[in-house]
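Below, each value reflects all heavy atoms present in this structure, side chains not excepted, and no hydrogens, waters or symmetry copies. Letters A, B, ... mirror the listed sequences (proteins, then strands); counts begin at 1. Keep in mind that this is a model prediction, so the values were computed, not measured.
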Number of protein chains: 2
Amino acid sequence: MIIRLDMQSELPIYTQLINQIIEGIASGSLQPGEDLPSVRSLAADIGVNLHTINKAYTLLKQEGYIQIHRQKGVVVNPDGMPPATPEFEQKQAEQFRPLIAEAICRSMDKASLLQIVESIYEDILHGKKENA
Amino acid sequence: MIIRLDMQSELPIYTQLINQIIEGIASGSLQPGEDLPSVRSLAADIGVNLHTINKAYTLLKQEGYIQIHRQKGVVVNPDGMPPATPEFEQKQAEQFRPLIAEAICRSMDKASLLQIVESIYEDILHGKKENA
DNA sequence: CAACTGTTATACTACAAATATAACAGATAG
DNA sequence: CTATCTGTTATATTTGTAGTATAACAGTTG
């Protein structure tokens, strides 16, 4: 699992970490039960403070993606991923909504939009990085 | 055009404003050429500072959604909306990506995801608010 | 002239992000 | 047993953004 941070991004570091770990799980490059680096070693690896890693891990745990064991370590949830609850779907829709509104303003038709979503879906499943 | 703010939201006020104005344009409730309230009157209406409104308007202008005329007022861009440039599509994909990765983790299949995007697309076109 | 427009400037509060240190408590390998 | 690793907690500091509060400027318009 390679973590790549953009220090110029408007996204906080801990958010970039969360996004990349979730995508790693989605693509299968991180398997349930697999160990994640300790807060200290990952912090040292990518050159940030251990609290930044800890914040990302804590949020991932709250959402059910990972388990954190005191004095042991961090592991991708071996009991499987959290389900798509109604609360999740509502929050998801709230995040999709402004993106779709923008697309409509820019005259993107429904088929084009769905095609973009579909290709991103496939890219993630096949572990493809952002278009370089 | 009715603006509804959620002061408990994690989204900044100016971002909520931007989102609602863009959705207003997308749904057709705001037509090209239509006047928007002045920074002062809108600020007074919704109970925020005029600089907060000004920040939202300035960003909307930078993206081409509105025009701002000194000593006149603010208007939805009468020359039409900005096109879907490659830069826009790339930024759009970056924002879609983490949402789709989350959906994959939660075992949402491609058809379900596309169906959700499609229904939001239709909701916006028909001016429907969030599911109450 | 008065009232309105966007614009600019300054100052302040509040909060989030990130860092820097330090210490604690339990597990484990030597 | 001791040293080392784990997550956890606490405190303090720096930096940047969000938002507010006031004030003034310059041009338009009734």
Task: Partner set under ring-ring contact (aromatic ring centres under 6.0 Å, His included) for A/F96, not counting sequence neighbours - done: B/F96

Task: Qualifying residues under salt bridge (charged side-chain N to carboxylate O under 4.0 Å, His left out), relative to A/E118, sequence neighbours excluded - done: B/K110

Whole-Å distance separating the [atom1] atom of [X] from the [atom2] atom of [N]:
X: A/I66; N: D/dT6; atom1: CD1; atom2: C1'; answer: 14 Å
X: A/L42; N: D/dT6; atom1: CG; atom2: P; answer: 11 Å
X: B/I13; N: D/dG19; atom1: CD1; atom2: C1'; answer: 7 Å

Nearest 0.5 Å, please: how far is [atom2] in [Y] from [atom1] in [X]?
X: A/I3; Y: A/I21; atom1: CD1; atom2: CD1; result: 5.5 Å
X: B/I53; Y: B/L36; atom1: CD1; atom2: CG; result: 11.0 Å
X: A/E122; Y: A/I120; atom1: CD; atom2: CD1; result: 11.5 Å

TODO: Check whether any side-chain heavy atom of B/L99 sits under 4.5 Å from a side-chain heavy atom of A/L99, and report yes or no.
DONE: yes

Task: DNA chain D contacts among residues 43-58 of chain A, heavy-atom distance under 4.0 Å - done: A/H51, A/N54

Task: Sequence-distant partners of B/K91, side-chain hydrogen bond (donor to acceptor under 3.5 Å, both in side chains), two or more places apart - done: none

Kindly list each side-chain donor-acceptor pair under 3.5 angstrom involving residues 54-63 of chain A, sequence neighbours excluded, with atom names and distances?
{"unit_1": "A/Y57", "atom_1": "OH", "unit_2": "A/P37", "atom_2": "O", "d": "2.7"}
{"unit_1": "A/T58", "atom_1": "OG1", "unit_2": "A/N54", "atom_2": "O", "d": "2.7"}

TODO: Please map the stems of DNA chain C, keeping only stretches of three or more Watson-Crick or G-U wobble pairs with both distances under 3.5 angstrom.
DONE: C:1-30 with D:1-30

Task: Pair listing, side chain to side chain donor-acceptor pair (under 3.5 Å) test, anchored in residues 7-22 of chain B, at least two apart - done: none

TODO: Please check if the side chain of B/S27 supplies one atom and the backbone of B/H126 the other of a donor-acceptor pair under 3.5 Å.
DONE: no

Open item on the list: Let me spell it out: for each of A/L11 and B/V74, pick the nucleotide of DNA chain C with the closest heavy atom. Which residue's pick is nearer the 5' end?
Closed with: B/V74

TODO: For each nucleotide in nucleotides 25-30 of chain D, reading 5' to 3', give B when a protein heavy atom comes within less than 4.0 Å of its base, S when such contact involves only the sugar-phosphate, and - otherwise.
DONE: -BBSS-

Under 3.5 Å donor-acceptor pairs involving side-chain atoms of residues 72-85 of chain B, not counting sequence neighbours:
{"unit_1": "B/N77", "atom_1": "OD1", "unit_2": "B/Q67", "atom_2": "NE2", "d": "3.3"}
{"unit_1": "B/N77", "atom_1": "OD1", "unit_2": "B/D79", "atom_2": "N", "d": "2.9"}
{"unit_1": "B/N77", "atom_1": "ND2", "unit_2": "B/G64", "atom_2": "O", "d": "3.0"}
{"unit_1": "B/D79", "atom_1": "OD2", "unit_2": "B/Q67", "atom_2": "NE2", "d": "3.3"}
{"unit_1": "B/T85", "atom_1": "OG1", "unit_2": "B/E87", "atom_2": "OE1", "d": "3.2"}
{"unit_1": "B/T85", "atom_1": "OG1", "unit_2": "B/F88", "atom_2": "N", "d": "3.1"}

Donor-acceptor pairs are to be reported for all side-chain atoms of residues 43-52 of chain A against protein atoms at under 3.5 Å, with residues two or more places apart or in another chain.
{"unit_1": "A/N49", "atom_1": "OD1", "unit_2": "A/H51", "atom_2": "N", "d": "2.9"}
{"unit_1": "A/N49", "atom_1": "OD1", "unit_2": "A/H51", "atom_2": "ND1", "d": "2.8"}

Task: chain B contact limits on DNA chain C, taken 5' to 3' with a cut-off of 4.0 angstrom to heavy atoms - done: C/dT5 to C/dA9

- [ ] Could you pull out all residues at least two apart from A/A103 that satisfy side-chain contact (heavy atoms from CB on, under 4.5 Å)?
- [x] A/M108, A/L113, B/Q92

